[in-house]
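Reading through the structure tokens given below for one structure.
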Amino acid sequence: MPELPEVEALKDFLTERLAGHDIVRVLPVAVSVLKTYDPPLTALEGRTVTSVARHGKFLDLATEDGPHLVTHLARAGWLQWKDRLPDGPPKPGKGPLALRVALETGEGFDLTEAGTTKKLAVYVVGDPGDVPGVARLGPDPLADDFDETAFARLLQGERRQIKGALRDQSLIAGIGNAYSDEILHAARMSPFKPTAGLSADDVHTLYEAMRTTLAEAVERSRGVAAGKLKAEKKSGLRVHGRTGEACPVCGDTVREVSFSDSALQYCPTCQTDGKPLADRRMSRLLK
């Protein structure tokens, strides 16, 4: 799933190519991606794109005196830029194409989604805050005013494992499964560590790891073309998606805990005092 660094890079990529240009057509191919119907997609046509913003993992295209096109790419969605869009409307079918946006220049982009589970979401709204997922977002972890004190305040009263807290979009916006693994590895902290047990030093370490990990990922992605962002993300990950490989810090074998719809990766030496994490249903260290 695209997370904060990739969506930030997409925002920059689209800003360079969309700002000041007119949307001439918005062509839905998979109607299921549309989560709003008033205003209609046609309300975007003839409008000039004024800016592109990011809200957590959401992309937000603003138009002059018109609505916003807000997109959440979900787990298998992606944006594919086209220097020249094909002639004629796209044909509905079972392919990955979900939505096409065409500019007056002949350029544009496709929103696609692989697989059979369809969660890509597109909203046309007067204000991005009208999108429920945007309205419930917590603070952005890279915002200038999101300091360590604000982070500590968010964690006060939390009673869950730190991995789940980092992934909760209503607590902190933009961090998903991959970067929560990377942050916890950088902080040398177990993903199962309870938030209630975090000391002031733990909070400081976690905050620094979060800011550094995300900022470095954003810098690696900056200027990378949309079509190459997935490969860039994977190349920069130290533990996530690297089960069975050597930890780049200590050389121990990266291990995995599987869940019904996801998995986490970690380094036992760096994060759990050398002990492998137990079965997911037990959520504790093996004795």
Pair Glu113-Lys119, side chain to side chain contact (heavy atoms under 4.5 Å, CB included): steps then yes or no
CA-CA 8 Å; Glu113 186 170 26; Lys119 294 187 176 181; 4.1 Å; yes
I need the minimum non-hydrogen distance between Ala278 and Phe192, along with the two atoms involved.
O-CE1, 4.5 Å
Going by the rule salt bridge (charged side-chain N to carboxylate O under 4.0 Å, His left out), which residues pair with Glu104 if we only count those two or more places apart in sequence or in a different chain?
none
Please find the pair of heavy atoms, one from Gln265 and one from Val239, that lie closest to each other, and give the distance.
CB-O, 3.2 Å
Of all the heavy-atom pairs spanning Phe13 and Ala225, show the shortest one and how long it is.
CE1-CA, 3.9 Å
Side-chain donor/acceptor pairs under 3.5 Å, residues 81-92, sequence neighbours excluded:
| unit_1 | atom_1 | unit_2 | atom_2 | d |
| --- | --- | --- | --- | --- |
| Trp81 | NE1 | Asp83 | OD1 | 3.1 |

Applying salt bridge (charged side-chain N to carboxylate O under 4.0 Å, His left out) to Lys233 and not counting sequence neighbours gives Glu3, Glu6
Contact summary for Gln169 and Gly174, nearest pair of heavy atoms:
OE1-N, 2.7 Å
So, Thr63 side chain and Pro67 main chain: donor-acceptor pair closer than 3.5 Å or not?
yes
Check whether Ile162 and Leu264 end up in the same hydrophobic cluster, where Ile, Leu, Val, Met, Phe, Trp and Tyr are linked by side-chain heavy atoms less than 4.5 Å apart.
no
Checking side chain to side chain contact (heavy atoms under 4.5 Å, CB included) for the pair Leu171/Glu158: CA distance, chi angles, key distance, verdict?
CA-CA 10 Å; Leu171 192 71; Glu158 289 293 320; 3.6 Å; yes
Checking the side chain of Tyr266 only, and the main-chain atoms of Leu277 only, is there a donor and an acceptor separated by less than 3.5 Å?
yes
For Tyr207, enumerate each residue passing the ring-ring contact (aromatic ring centres under 6.0 Å, His included) test, keeping only those at least two apart in sequence or located in another chain.
Phe151
So, Thr50 side chain and Ala62 main chain: donor-acceptor pair closer than 3.5 Å or not?
yes
ring-ring contact (aromatic ring centres under 6.0 Å, His included) partners of Phe58, counting only residues at least two apart
His72
Can you find a pair of side-chain heavy atoms, one from Leu103 and one from Val24, that are under 4.5 Å apart?
no
I'd like to know if the side chain of Thr212 and the backbone of Ala209 have a donor-acceptor N/O pair within less than 3.5 Å.
no
Tell me if the NZ atom of Lys234 is crowded by more than 12 foreign heavy atoms within 6.0 Å.
no
How far does CE of Met1 sit from CG of Leu73, to the nearest 0.5 angstrom?
9.5 Å
Please check if the side chain of Asp273 supplies one atom and the backbone of Lys275 the other of a donor-acceptor pair under 3.5 Å.
no
Say you draw a straight line from CZ of Arg47 to OG1 of Thr42; how long is it, rounded to the nearest 0.5 Å?
10.0 Å
Applying salt bridge (Lys or Arg N to Asp or Glu O under 4.0 Å) as the test, list every pair that has at least one member in residues 14-31; sequence neighbours left out.
Arg25-Glu45
Run the numbers on Asp168 and Arg160 for salt bridge (Lys or Arg N to Asp or Glu O under 4.0 Å), then give the verdict.
CA-CA 11 Å; Asp168 184 348; Arg160 51 179 156 170; 2.7 Å; yes
Between Arg242 (side chain) and Leu237 (backbone), is there a donor-acceptor pair under 3.5 Å?
yes
Restricting to pairs with a member in residues 191-200, which pass salt bridge (Lys or Arg N to Asp or Glu O under 4.0 Å), not counting sequence neighbours?
Lys193-Asp202
Going by salt bridge (Lys or Arg N to Asp or Glu O under 4.0 Å), name the pairs with one or both residues in residues 69-78, residues two or more places apart or in two chains.
none
If only atom types and distance count, is the side chain of Gln271 paired as donor or acceptor with the main-chain N or O of Cys267 below 3.5 Å?
yes
Side chain Asp252, main chain Cys247, donor-acceptor under 3.5 Å
no
What about Val122 and Tyr37, same hydrophobic cluster or not, with Ile/Leu/Val/Met/Phe/Trp/Tyr joined at side-chain heavy-atom distances under 4.5 Å?
yes
Heavy atoms of Glu256 and Ser258 approach each other most closely as OE2-OG, 2.9 Å
Quiz: residues 133-142 side-chain donor-acceptor pairs under 3.5 angstrom, not counting sequence neighbours:
| unit_1 | atom_1 | unit_2 | atom_2 | d |
| --- | --- | --- | --- | --- |
| Asp140 | OD1 | Leu142 | N | 2.9 |
| Asp140 | OD2 | Arg54 | NH1 | 2.8 |
| Asp140 | OD2 | Arg54 | NH2 | 2.7 |

With Arg100, which residues qualify under salt bridge (charged side-chain N to carboxylate O under 4.0 Å, His left out), at least two apart?
Asp110
Hey, mind stepping through Leu198 and Leu155 against side chain to side chain contact (heavy atoms under 4.5 Å, CB included) and telling me if it holds?
CA-CA 9 Å; Leu198 295 175; Leu155 295 177; 3.8 Å; yes
Please examine the side chains of Leu206 and Met210, heavy atoms only from C-beta on, and report whether any two atoms are closer than 4.5 Å.
no
Electrostatic pair Asp181-Lys163, nearest N-O below 4.0 angstrom:
yes
Nearest heavy-atom pair of Arg238 and Val249: which atoms, and what distance?
NH1-CG2, 3.5 Å
Check salt bridge (charged side-chain N to carboxylate O under 4.0 Å, His left out) between Asp127 and all other residues, then give those that pass, not counting sequence neighbours.
none
Going through the checks in order, is the side chain to side chain contact (heavy atoms under 4.5 Å, CB included) test met by His240 and Asn177?
CA-CA 8 Å; His240 184 80; Asn177 194 34; 3.4 Å; yes
Pairwise distance CD1(Ile23) to OG1(Thr48) - rounded to 0.5 angstrom:
8.5 Å
Is there a path of hydrophobic side-chain contacts, each under 4.5 Å between heavy atoms of I, L, V, M, F, W or Y residues, that connects Leu14 with Leu41?
yes
Is Leu69 reachable from Trp78 through a run of hydrophobic residues whose side-chain heavy atoms are each under 4.5 Å from the next?
yes
ring-ring contact (aromatic ring centres under 6.0 Å, His included) partners of Phe109, counting only residues at least two apart
none
Would you say the side chain of Pro5 lies within less than 4.5 Å of the side chain of Arg220, judging by non-hydrogen atoms?
no
Quick one: pull up CG in Leu154 and OG1 in Thr149 and give me the separation to the nearest 0.5 Å.
11.0 Å
Quick check for you: to the nearest 0.5 Å, what is the distance between Lys57 atom NZ and Thr71 atom OG1?
15.0 Å
Partner of Val101 under side chain to side chain contact (heavy atoms under 4.5 Å, CB included), picked from Val26, Leu44, Leu61, is Val26
When clusters are formed by joining ILVMFWY residues with side-chain heavy atoms under 4.5 Å apart, either directly or through shared neighbours, do Leu97 and Leu34 land in the same one?
no
CD1 of Ile172 to OG of Ser180, rounded to nearest 0.5 Å, is 10.5 Å
